[in-house]
Amino acid sequence: MEHVALWIAAFLTLGIYSFLYKDNIWYKLCESIFVGISAGYWFVVLFWDNIYGKFWVGVFPPKAYNDAGELVNSAEPDYLLIVGAVLGVMMISRLIPKIGWVSRWPLAFIVGSTSGLYLINYFTSNMMRQVEATIIPLFGMNYELSAYDIIGNLVIVIGTFTGLVYFFFSKEHKGWFGRTAKIGIWTIMITFGASFGYTVMSRMSLLIGRIDFLFGDWLGLIK
Amino acid sequence: MHVGKSTSLYLPQLFFLFLFICNFLLLSLVYAQTDDPLLNSEDSSVAIPDSELVVVAPVTSLIAEDYKYDDGKQINLSWVPSIDDQLVGSKVLGYRLFRIIDDGKPELLAKLRCGANSYSDGKLKSESVYSYYLEAFSKNFIATSTRTVPISPEREWINFDRKYLFLLAFIIGGAVIFFIESARRGKKLFVRKIAGLEAVDEAIGRATEMGRPILFIPGILDMNDVQTLAGITILGRVSQQIANYDTKIRMPVSRSLVMTAARETIKAAYQTAGRPDQYSDDMVNYVTDEQFGYVAAVDGIMVREKPATVFLMGAFFAESLILAETGNSVGAIQIAGTARPAQLPFFIAACDFTLIGEELFAASAYLSGEPKQLGSLKGQDVGKGIAMAAILIGVLAETIGTAWNVEFMNDVVRWLTILFTTQ
Amino acid sequence: MSTRAKEILVIGIVLLFSIIIYLGKVFGWVEVIRFSPLVSMILIGILFLALLYILVLTLKGHLIERRAVFLFVAISVALPFFMTISQSARISPEVQQLYDNVSELPKGSKVLVSFDFDPPSAPELQPMAESFLHYCLLNDLKVIIMGLWPQGPQQANLAMDRVLKKEDIIAKKLRDGKDYVNLGFQAGNEFVIKGMGADFSSMFKSDYSGNSYHDIEIVKNVKNFSDIDFAFNLSAGYPGTQEWVQIAVDRYGLSMGAGNTAVQAPMMYTYVNAGQLKGLLGGIKGAAEFENIVDYIGKGTKYMLSQSFAHMIVIAFIIIGNVAYFKNERGKKKKH
Amino acid sequence: MRREIPLIITGVVGVVFLLQYFIPHWPFDEMSGWFSDWFSIVQAFAIWLGALNLLKISAQKVIGKKSDWGFAVVIIVSFLIIVIVGLTGGEGYRETGTGFSWLYKYVYSSLSATMFSILAFFVASASYRAFRARNFEATLLLVSAFFVMLGRVPVGDNISFFLPDEYQLSQIANWIMTWPQTAGQRAIMIGIALGLVSTSLRIILGIERSYLGGGD
């Protein structure tokens with residue numbers, strides 16, 4: 001079985017790579033398998049973990065013997081979960097165009113909850129905390145910082161400030177404001193350069209991982 | 001167990017309890033010695049023969065306070081450490097904190113190190129009553145403090161710790177709504193020039209001159225994504241020019257809804273230009289929802305038709321690279337715009353002009369003049385203004401304050417820290 | 001011969017070779033191939049010459065074909081696997097910070113590890129997972145595993161299987177449910193984190209193998225984040241480290257470090273700087289550094305040589321492309 | 001009514017999550033707890049919807065004998081295989097050794113990992129053919145990328161062996177990551193956060209309705 005498995009995995013891997021030569025039947029076959037399998041994967045996992053594990057077990061808790069030897073619910077049934085399930089079923093209604101509008105209710109619920117949570121989360125963690133973290137004494141509390149750290153502090157403060165200036169749309173980029181924005185865009189470019197480097201690193205790692213599979217696990221040429 | 005039947009039954013039980021407590025204390029001391037070097041402060045304590053009793057004073061002023069601004073779950077304790085608790089040569093080895101719930105038995109809540117003077121007890125119930133006492137212990141002596149007055153944690157309505165956060169959120173949110181309203185009333189709101197947008201006309205002119213088509217890619221997400229919407233808004237501007245100059249446009253899309261919207265937009269532009277007959281539905285066609293399938297198709301179109309100008313405006317993922325590369329190889333001028341930070345570097349490196357992140361939305365707001373978009377942009381500018389001001393003032397004040405110890409500056413910093421703290 | 005026939009021929013030859021090598025592996029004809037340092041150096045020289053050749057071609061105005069670039073990349077990333085060249089990695093400050101934080105945890109501390117990634121990111125994150133789990137189990141830290149991505153807990157099992165087979169871990173005689181537990185996946189993204197802030201058991205009714213939450217020894221007394229001493233998040237996107245920081249760290253005061261794919265790691269430096277994250281492993285390099293610091297030989301270290309080659313190739317291509325670009329630009333200007 | 005009720009739901013749910021942050025008192029805490037539970041369940045159905053939709057589209061392709069309908073059959077068959085294997089596996093369906101975990105390890109993992117690793121090739125090709133230092137900004141970007149890419153692999157230090165320890169490439173990469181990179185990210189982060197705040201506010205207040213789609 002192990003042999004079959006390895007050959008299947010290798011067949012699929014090479015099939016996807018054949019796209020690099022050109023779009024072909026082998027690639028399309030592997031792609032279709034991928035689409036089907038991943039949709040099915042989610043289907044199964046969500047069934048067991050959420051619809052069974054959370055909803056069903058929550059509403060109908062498994063029975064267990066208590067200390068007195070009676071068969072009782074192992075936890076209090078949580079009937080409120082039924083509301084969630086009803087909303088979920090309404091979501092599926094979208095498949096039938098005639099009653100598709102019903103699916104707006106659960107959609108509204110999802111959009112509303114994410115908006116409410118996002119508003120607070122992003123405001124506190126990604127704005128307030130970041131502004132707070134940028135308010136730093138440039139030379140440290142007692143001049144204890146080295147030149148390296150002082151320059152670093154300066155770079156952080158100036159970079160963040162000028163970066164914000166660049167994304168400020170209510171004032172024309174002219175004069176000192178324009179020059180400040182210029183420094184801002186330079187900082188952002190350095191940032192993008194770093195992201196560029198890291199993205200390249202990431203993509204290459206994935207390829208290396210697959211090559212490790214092909215030459216190591218499959219063909220056994222490397223350890 | 002038959003409780004309180006006769007007093008004679010109590011004695012053995014008490015004895016066992018006593019043994020048990022002794023055992024427990026002994027164990028916890030051993031545990032402290034093996035596990036916690038701070039509690040086992042042999043180096044700092046004065047060398048005293050084991051037989052001698054090390055009498056220590058108990059802690060004083062033990063106060064239990066309800067933690068405000070929660071749903072009745074926390075009590076904060078504070079006390080003055082024992083006078084025998086000193087940094088060097090401390091006789092006190094540590095403290096043990098006990099809790100009594102609803103007049104029940106005292107339970108050990110925590111072991112604390114020397115010098116501790118506060119503790120917060122979370123996960124309480126607002127229906128119960130709690131009281132606490134502390135033991136300061138030395139090598140062989142325990143000094144117990146007085147018990148606190150029993151209190152129960154209370155449920156409060158508003159978390160006043162977060163009042164400034166609320167205030168700031170209120171100001172920024174208010175600004176968004178204010179500007180949306182004033183834009184609706186027809187007030188003109190200023191948005192700065194955006195470099196990428198100015199390049200649009202030039203790029204269309206080039207395509208017209210060369211007699212080659214323009215390719216417009218609105219990203220691979222559906223109409224519910226703001227970036228796609230912004231892309232379609234920019235398409236509106238592009239198609240006006242195209243209709244005026246009668247340039248060809250090709251627009252393969254990966255979502256059927258985007259196809260409908262794009263057709264409407266281009267059709268409207270041709271109608272405004274007074275030549276609706278020139279418009280055809282073939283300008284926009286749906287390819288496939290599949291990411292790489294779509295990319296392969298667009299690649300093919302680029303290689304075959306060699307567009308003079310390529311617009312990449314919308315939400316892009318991994319395909320950004322492939323599209324930009326092919327566009328580059330056929331010698332097209334490329335103008336890109338996306339708000340996805342991971343793809344922006346590739347666009348900047350491979351395209352001639354790039355609308356970076358929010359610039360895409362600003363461009364869209366500027367072009368569409370929609371109050372919703374303009375107002376939000378302005379409101380966000382207020383937020384950025386607050387952030388910039390806070391950073392500038394805060395850093396200056398803190399640097400000056402710490403360097404020359406200027407009290408006023410320190411006050412400013414303190415005030416700003418309170419304002420921006422999220423805890 | 002038509003193109004189609006040629007293609008089929010090539011596929012046939014490759015397939016034949018694969019079968020022979022595979023049979024060789026099964027019957028033990030072929031040993032693991034290792035190049036000596038000298039051969040490695042010669043190969044590097046050849047690769048370098050090939051790059052020079054590409055440069056010359058490009059300068060002459062012949063852009064080499066896309067597929068040739070692909071082939072070149074494939075070869076130069078695969079070759080290092082056979083080479084014997086050792087490299088040393090310097091530890092970055094944010095990796096050191098993570099190590100310091102974890103190594104300061106007293107024995108028996110509860111560490112929550114959230115696996116928020118899927119197989120595509122496994123080459124980067126799996127090595128981190130292995131070395132981190134290994135370090136925790138070896139140092140008597142109790143590990144609680146969960147996932148916000150459905151594939152996460154399965155990746156955790158793959159990592160756990162490998163770690164539990166290590167001799168030093170076998171010697172510890174660890175038990176599932178007592179020393180470590182896998183709580184499985186829960187849908188709901190950041191709402192799961194929020195729910196856990198109030199009560200873990202409301203989000204996880206049972207562990208991966210179906211044992212009821214309240215029967216599991218290790219989590220019996222874990223009500224919410226205040227009972228967790230340290231958290232480590234392996235993240236490849238949304239939901240991931242950003243959501244953990246926003247909710248668990250900023251709202252509930254969890255102490256947390258993270259391992260990220262290189263794509264999203266740069267953003268996390270902001271959180272590290274603001275003190276919201278206590279240490280960060282970024283991409284395969286972060287994994288290799290952590291392996292180095294905890295003395296665990298894993299894939300991170302193994303992949304590093306190929307990674308070096310890959311980066312060099314990309315840089316070389318950028319330089320070649322730009323040299324040609326500037327030469328052509330100057331040529332154009334002269335003509336005008 | 002078909003538009004009003006969803007708007008009310010969005011508003012109420014959003015406001016509860018907002019208020020819960022500022023008002024710790026009953027019922028907001030409890031309500032946000034229920035909503036979190038429901039969210040998990042609704043989301044499971046939402047992802048099911050995607051899977052079922054795919055099945056529907058594929059089936060239509062097969063029935064209509066549209067172009068490439070053979071691949072639609074492959075999609076349906078592979079979907080059914082994993083669903084049947086998974087659902088018949090019972091609660092421990094993904095323990096090591098089950099059919100589901102076999103499919104996961106050898107089919108699903110191989111395919112999805114390979115799919116994304118293709119990008120490595122395109123990155124290299126784009127480096128050669130597209131990434132140009134065409135203006136000052138792009139130059140700055142490429143230079144910073146150069147240092148980070150070299151500094152993040154051991155070979156960087158091997159190349160810069162002649163420099164003093166603290167100026168070697170890995171240290172330069174660390175410097176870029178720790179200071180200017182963080183500054184730029186922070187500016188972008190604050191910008192995005194404000195954008196999300198205003199969008200969320202518009203959604204909660206019902207000013208933004210595009211998520212509900214067109215029609216009534």
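Values in this document were obtained by computation on a predicted structure and should not be read as measured data. Throughout, a chain's letter reflects where its sequence line sits, starting with A, and its residues are numbered from 1.
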Within this structure, what is the [atom1]-[atom2] distance for the pair [X] and [Y], rounded to the nearest 0.5 Å?
{"X": "B:Gln380", "Y": "A:Phe168", "atom1": "CD", "atom2": "CZ", "value": "11.5 Å"}
{"X": "A:Ile185", "Y": "B:Ile348", "atom1": "CD1", "atom2": "CD1", "value": "6.5 Å"}
{"X": "B:Gln343", "Y": "A:Thr199", "atom1": "CD", "atom2": "OG1", "value": "7.5 Å"}
{"X": "A:Met127", "Y": "B:Phe420", "atom1": "CE", "atom2": "CZ", "value": "5.5 Å"}
{"X": "B:Ile391", "Y": "A:Thr162", "atom1": "CD1", "atom2": "OG1", "value": "10.0 Å"}

Most heavy-atom pairs under 4.5 angstrom with chain A, which of B:Thr399, B:Asp381, B:Leu416, B:Val395?
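Looking at each option in turn, the highest pair count goes to B:Asp381.
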Residue from B:Ile400, B:Leu168, B:Thr417 scoring the most non-hydrogen pairs under 4.5 Å with chain A is B:Leu168
Just checking [X]: does its [atom1] atom have more than 12 heavy atoms from other residues, nucleotides or ligands closer to it than 6.0 angstrom?
{"X": "B:Phe178", "atom1": "CZ", "answer": "no"}
{"X": "B:Phe292", "atom1": "CZ", "answer": "yes"}
{"X": "A:Glu76", "atom1": "CD", "answer": "no"}
{"X": "B:Leu392", "atom1": "CG", "answer": "yes"}
{"X": "A:Lys174", "atom1": "NZ", "answer": "no"}
{"X": "B:Tyr366", "atom1": "OH", "answer": "no"}
{"X": "B:Tyr164", "atom1": "OH", "answer": "no"}

Report the option among [options] that has the most heavy-atom pairs separated by less than 4.5 Å from atoms of chain B.
{"options": "A:His173, A:Glu132, A:Lys171", "result": "A:His173"}
{"options": "A:Phe192, A:Tyr198, A:Phe196, A:Phe19", "result": "A:Phe192"}
{"options": "A:Ser125, A:Pro137, A:Ser195", "result": "A:Pro137"}
{"options": "A:Phe139, A:Phe169, A:Phe123", "result": "A:Phe169"}

Donor-acceptor pair, distance only, cut-off 3.5 Å: does the side chain of B:Lys378 make one with the backbone of A:Ser170? no
Where do A:Ile135 and B:Ala390 come nearest, in terms of heavy atoms and distance?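 In terms of heavy atoms, the two residues are closest at CD1-O, 3.8 Å.
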Closest non-hydrogen atoms of A:Glu172 and B:Lys193, given as atom of the first, atom of the second and distance, are OE2-N, 3.1 Å
- Heavy atoms under 4.5 Å from chain A: which residues of residues 401-409 of chain B carry them?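 Residues in range: B:Thr402, B:Ala403.
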Exercise. Using a heavy-atom cutoff of under 4.5 Å, enumerate the residues of residues 354-361 of chain B that contact chain A, numbered in order, or state 'none'.
Key: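 Within residues 354-361 of chain B, near chain A: B:Ile356, B:Glu358, B:Glu359.
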Per-residue contact mode, A:Val165 against chain B (heavy atom under 4.5 angstrom):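 Interface part for A:Val165: both.
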Applying a strict 4.5 Å limit to non-hydrogen atoms, the region of A:Gln130 in contact with chain B is neither
Looking at side-chain heavy atoms only, is the closest gap between B:Leu165 and A:Met128 below 4.5 Å?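 Result yes, sub-4.5 Å side-chain heavy-atom pair found.
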Would you verify whether the NZ or CZ of A:Arg203 falls within 45 degrees of the ring axis of B:Phe346 while also being under 6.0 Å from that six-membered ring's centre? no
